[in-house]
Amino acid sequence: MKIVTWNVNSVRLRLSNLARLVEELDPDVICLQETKAHDDVFPTAGIAALGYPHQAIAGMKSYNGVAIVSRRPLTKTGTQHWCGKEDCRHVYATLPDGTEIHSVYIPAGGDIPDPAVNVKFAHKLQFLDDLAIWGGALAAKPKAKTARRILVGDLNVAPLETDVWSHKQLLKVVSHTPIEVEKFNKAQASGRWIDAVREIIPSEQRLYSWWSYRSSDWAAADKGRRLDHIWISEALRPSLTAATIHRAARGWDIPSDHVPVSITLED
DNA sequence: ATGGTCGCTTGGCGA
């Protein structure tokens, strides 16, 4: 089973890119973030035609929006609200084998890394704190050891020094500040989540999933960050056989600024 | 310190 997560930055504009993703990667499940489409205008039929008729979506007009689209039936679908807001940042579903999937979009956090003067950054820190509490509750459940869970998405934090183009130059840049990394790591640890991509690709290796649009030549500059993640529960670790970040997608026509990240789990 | 580019939507916000 192959699972992909991708911040598409408008699902309607990226339909042909999704078709190319399907052609090249052949995933079973695709999790999307920043769909930027209210449920009424989500391209349900177009995505079903690509082979993904089972869909759980949570969208709003213009901003945010998450989805899970699948070849396999989805049950127990729903959305979860965070930080007292209803801004469509989390949708979840369960696959036929019982695997629970969460597609999450953590707030970017604005430009100034100070919660006292930047409410977007305060929101992001609160979200990370709440994610730790939620994960802690999941991990404390009686059957947590055998639970098959996957959390994917644009988590908007690059935790490792090798997850950014320059650790030193990004220490005060939102997405890589020490406070964010600390809360991000705590959220991961509390939920006993395993960073599936780093299980496969060594932490010494530089790895990015996002390159800004504000660059005349993103590939040459290569000032990327790994903002998109796939976390799995302990029960799924033995099944994990592959993980890939599809850098080439950043060079496709009409690209998203994020690229797809995928894992393979042996059924 | 600033600007650079996208997408949604038509002025400006969010990333």
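Numbered from 1 within each chain, the chains take letters A, B, ... in sequence-line order.
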Rounded interatomic separation in angstrom, taking CG from A/Asp257 and P from B/dG4
18 Å

Paired with A/Asp267, the salt bridge (charged side-chain N to carboxylate O under 4.0 Å, His left out) test is passed by just one of A/Arg148, A/Arg72, A/Lys2, namely A/Arg72

Please state whether the phosphate of B/dG14, meaning OP1 or OP2, lies under 4.0 angstrom from any side-chain nitrogen or oxygen of A/Lys120.
yes

What is the distance, to the nearest angstrom, from the CZ atom on A/Phe121 to the P atom on B/dA15?
13 Å

Separation of A/Ile106 atom CD1 from B/dG14 atom C1', in whole Å?
17 Å

Write down the distance separating the P atoms in B/dG14 and B/dT10, rounded off to the nearest Å.
15 Å

For A/Ser62 and A/Asp154, find the nucleotide of DNA chain B closest to each by heavy atoms; which residue's nucleotide sits nearer the 5' end?
A/Ser62

C1'-based separation of B/dG3 from B/dA15 [nearest Å]
15 Å

Rounding to a whole Å, what distance do you find between A/Ile112:CD1 and B/dA15:C1'?
15 Å

The nucleotide from B/dG4, B/dG7, B/dG14 with an atom nearest the side chain of A/Arg214 is B/dG4

Gap between atoms CD1 and P, on A/Ile254 and B/dC8 respectively (whole Å)
11 Å

Please report the distance, rounded to the nearest Å, between CZ in A/Arg14 and P in B/dC8.
7 Å

Toward the 5' end of DNA chain B, by each residue's nearest nucleotide, A/Val11 or A/Asn7
A/Val11

State, yes or no, whether a side-chain contact exists between A/His54 and A/Leu95 at a heavy-atom distance under 4.5 Å.
no

According to the interplanar angle, ranging from 0 to 90°, do the rings of A/His229 and A/Trp231 count as parallel (below 30°), tilted (30 to 60°) or perpendicular (above 60°)?
tilted

Centroid separation under 6.0 Å, is that true for the rings of A/Tyr92 and A/Trp134?
no

Separation of B/dC6 P from A/Asp253 CG (nearest whole Å):
13 Å

Rounded to whole Å, the CG-P distance (A/Asp228 to B/dA15) equals 14 Å

Nearest heavy-atom neighbours spanning A/Val8 and A/Thr35:
CG2-CA, 4.4 Å

